[in-house]
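Heads up, the thing below is written out as structure tokens.
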Amino acid sequence: MVLKVLGGIAVVLIVAGIALQIAVWRNGPAVVSTIDRVAGGAAGAEAKATISTGDHPTQKLVVWGPEDRDPADPPLPVLLFAHGGGWRSGDPVDYGFIGRAFVPEGFIVVLIGYRLGEDGIYPGMLQDTASAIAWTHEEIAAYGGDPDRMVLAGHSAGAYNVVMVGLEEQWLGRHGLSTGDIAGVVGMAGPYDFAPFAKDSTIAAFGHVDDPAATQPLTHARADGPQFLLIQGEQDTLVRPRNARVLTEAMEAKGGHALTAFYADQGHNGPLLSLAAPLRSRRDVVDLMANFARAATAPLASEGEASVPVQGETR
């Protein structure tokens, strides 16, 4: 009898495991966000609004903020996050765990969506990212955010988007803004030097471009502009760690710098998963990003003094 019960439990666990794998394969971020909500609770954060930023259904953003906030309270710094997915998939609605990670840290969070696939080929993803930033700059005060204290973040393809918009002036310039309106940029497992294009995702998104070098963050490295933090798993075989290293070297060659954090035991999705419960209580990625964003958006201690340390952090 006991063996039959144990056998039945084993079958249920196997079926549940298979179902979970299928769910992750179909929409991994949504599954992660569900686990995060169950394991960590609401954490005092909630989705405030879903906003359309264009005619395409994926041109949208989701604003997250505190469940209870006094309108008389001082405005909070803003963290904008762009999802990954190889410029082919992803939906900001599925990344609620980012809001639950950083709203309790004292931020208004804006999850950015952008056109995907054939509709979002270069430079569409950059145009849409800049449009979301422009909307945030104009409207976020109504949600308790400070438009003068914005930090961009993104994972994988989303990291490419925010790093490019943070380096190349033209995208924000089309909205009357500049890269100087961005206090900091966090790139997680981002591709910054991937021409010539060899993967299906990069061929599909960039293969039509006459000047591939113009699409590369490495080409636009410069000394001025926002503060940068590049986070990378050393075991990442999808976007090699060299991407973060060569971009940092290119910035240093121009007289600038980027902070870096390399995690020896993590792969491509490791840093992103570290932002969700239950892992965020066991790893320091949330603390690292939150402290960087706080420093980047803090008033300068004195004129000409950087608010973020210039020494990179390697793990």
Side-chain angles (χ1 to χ4, degrees), residues 53-56 58-61 78-84 86-87 110 112-140 147-187 190-197 201-202 204-230 243-244 246-248 250-258 296:
T53 56
D55 296 331
H56 197 278
T58 60
Q59 291 175 305
K60 62 183 175 183
L61 53 81
V78 183
L79 180 72
L80 299 94
F81 179 86
H83 64 79
W87 304 285
V110 179
I112 297 174
Y114 49 95
R115 284 169 292 172
L116 302 168
E118 292 184 1
D119 296 326
I121 61 174
Y122 178 91
M125 73 284 282
L126 302 181
Q127 294 168 340
D128 291 354
T129 300
S131 293
I133 296 168
W135 181 93
T136 302
H137 188 265
E138 290 295 320
E139 305 293 343
I140 202 61
D148 295 324
R149 293 191 292 160
M150 298 190 299
V151 172
L152 311 181
H155 174 253
S156 195
Y160 167 86
N161 295 0
V162 298
V163 167
M164 274 292 284
V165 170
L167 286 173
E168 192 179 6
E169 285 282 7
Q170 66 163 311
W171 309 114
L172 288 175
R174 298 178 183 189
H175 297 274
L177 301 174
S178 76
T179 58
D181 291 305
I182 303 301
V185 180
V186 181
Y192 312 124
D193 177 32
F194 54 93
F197 311 124
S201 59
T202 57
F206 300 93
H208 61 287
V209 178
D210 293 332
D211 182 11
T215 70
Q216 302 298 285
L218 190 71
T219 302
H220 303 282
R222 48 191 252 244
D224 56 350
Q227 301 285 341
F228 281 82
L229 169 63
L230 306 179
N243 281 268
V246 297
L247 181 57
T248 300
M251 288 185 179
E252 291 174 348
K254 297 286 188 179
H257 70 277

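Along the sequence shown, residues carry numbers from 1. Heavy-atom basis, side chains included; hydrogens, waters and symmetry copies ignored.
Remark: Gln170 engages Glu168, Arg174 in a side-chain contact (heavy atoms from CB on, under 4.5 Å) (not counting sequence neighbours). Under the side chain to side chain donor-acceptor pair (under 3.5 Å) criterion, Glu139 pairs with no residue at all, not counting sequence neighbours. Residues satisfying the side-chain contact (heavy atoms from CB on, under 4.5 Å) test with Ala183, not counting sequence neighbours, are Val151, Ala296, Thr297. The side-chain contact (heavy atoms from CB on, under 4.5 Å) test applied to Ala204 returns no partner, not counting sequence neighbours. Evaluation of the side chain to side chain donor-acceptor pair (under 3.5 Å) rule for Thr136 yields no partner, not counting sequence neighbours. Partners of Asp119 by side chain to side chain donor-acceptor pair (under 3.5 Å), not counting sequence neighbours, listed by chain and number: His56. Remark: Tyr160 engages Trp87, Phe194, Phe206 in a ring pair (Phe, Tyr, Trp, His ring centres under 6.0 Å) (not counting sequence neighbours). With sequence neighbours excluded, the residues forming a side-chain contact (heavy atoms from CB on, under 4.5 Å) with Val209 are Tyr122, Thr215, listed by chain and number. Annotation: side chain to side chain donor-acceptor pair (under 3.5 Å) contacts of Gln127 (sequence neighbours excluded): Arg115.
Here the closest non-hydrogen pair linking Ala132 and Leu80 is O-CD2, 4.3 Å. For Ala159 against Gly187, the heavy-atom pair with the smallest separation is CB-CA, 3.9 Å. Closest approach of Ala157 to Pro191, counting heavy atoms only: N-CD, 4.5 Å. Considering every non-hydrogen atom in both Tyr114 and Met125, the closest pair reads CD1-CB, 3.9 Å. When every heavy atom of Pro226 is checked against every heavy atom of Val185, the shortest pair comes out as CB-CG2, 4.0 Å. Looking at every heavy atom in both residues, Pro123 comes nearest to Trp171 through CB-CH2, 3.3 Å.
Looking only at distances, a side-chain donor or acceptor of Gln216 sits under 3.5 Å from a matching main-chain atom of Ala195. Listed for the Thr219 side chain is a donor-acceptor partner under 3.5 Å among the backbone atoms of Ala213. Of the possible polar contacts, one joining the Ser178 side chain to the Gly180 backbone as a donor-acceptor pair under 3.5 Å is found. In this structure a side-chain-to-backbone donor-acceptor pair under 3.5 Å is present from Thr53 to Gln59. Of the possible donor and acceptor atoms, one in the side chain of His220 sits under 3.5 Å from a partner among the backbone N and O of Ala214. Between the side chain of Asn243 and the backbone N or O of Asp193 there is at least one donor-acceptor pair closer than 3.5 Å.
Proximity of His257 to Thr248: side-chain heavy atoms (C-beta onward) are nowhere separated by under 4.5 Å. Contact annotation: the side chain of Val78 approaches that of Val110 to within less than 4.5 Å [non-hydrogen atoms, C-beta and beyond]. Side-chain atoms of Pro147 and Glu138, non-hydrogen and from C-beta on, never get closer than 4.5 Å to each other. Trp135 is listed as a side-chain neighbour of Leu61, based on a closest heavy-atom distance under 4.5 Å. Annotation: side chain of Leu167 is in contact with side chain of Met251 (closest heavy-atom distance under 4.5 Å). A 4.5 Å side-chain heavy-atom check between Asp128 and Ile112 finds every atom pair outside the cut-off. In this structure, the side chains of Leu230 and Leu247 come closer than 4.5 Å at one or more pairs of heavy atoms.
Rounded to the nearest 0.5 angstrom, Met164 CE and Leu218 CG are separated by 11.0 Å.
Listed by first and then second residue, the salt bridge (Lys or Arg N to Asp or Glu O under 4.0 Å) pairs involving residues 211-225 are Glu169-Arg222, Arg222-Asp224 (not counting sequence neighbours).
The side chain to side chain contact (heavy atoms under 4.5 Å, CB included) with Leu152 is formed by just one residue from the set Ile133, Thr129, Val163; it is Ile133.
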Take His155 and His83, measure what side-chain contact (heavy atoms from CB on, under 4.5 Å) needs, and give me the verdict at the end. CA-CA 6 Å; His155 174 253; His83 64 79; over 6 Å; no
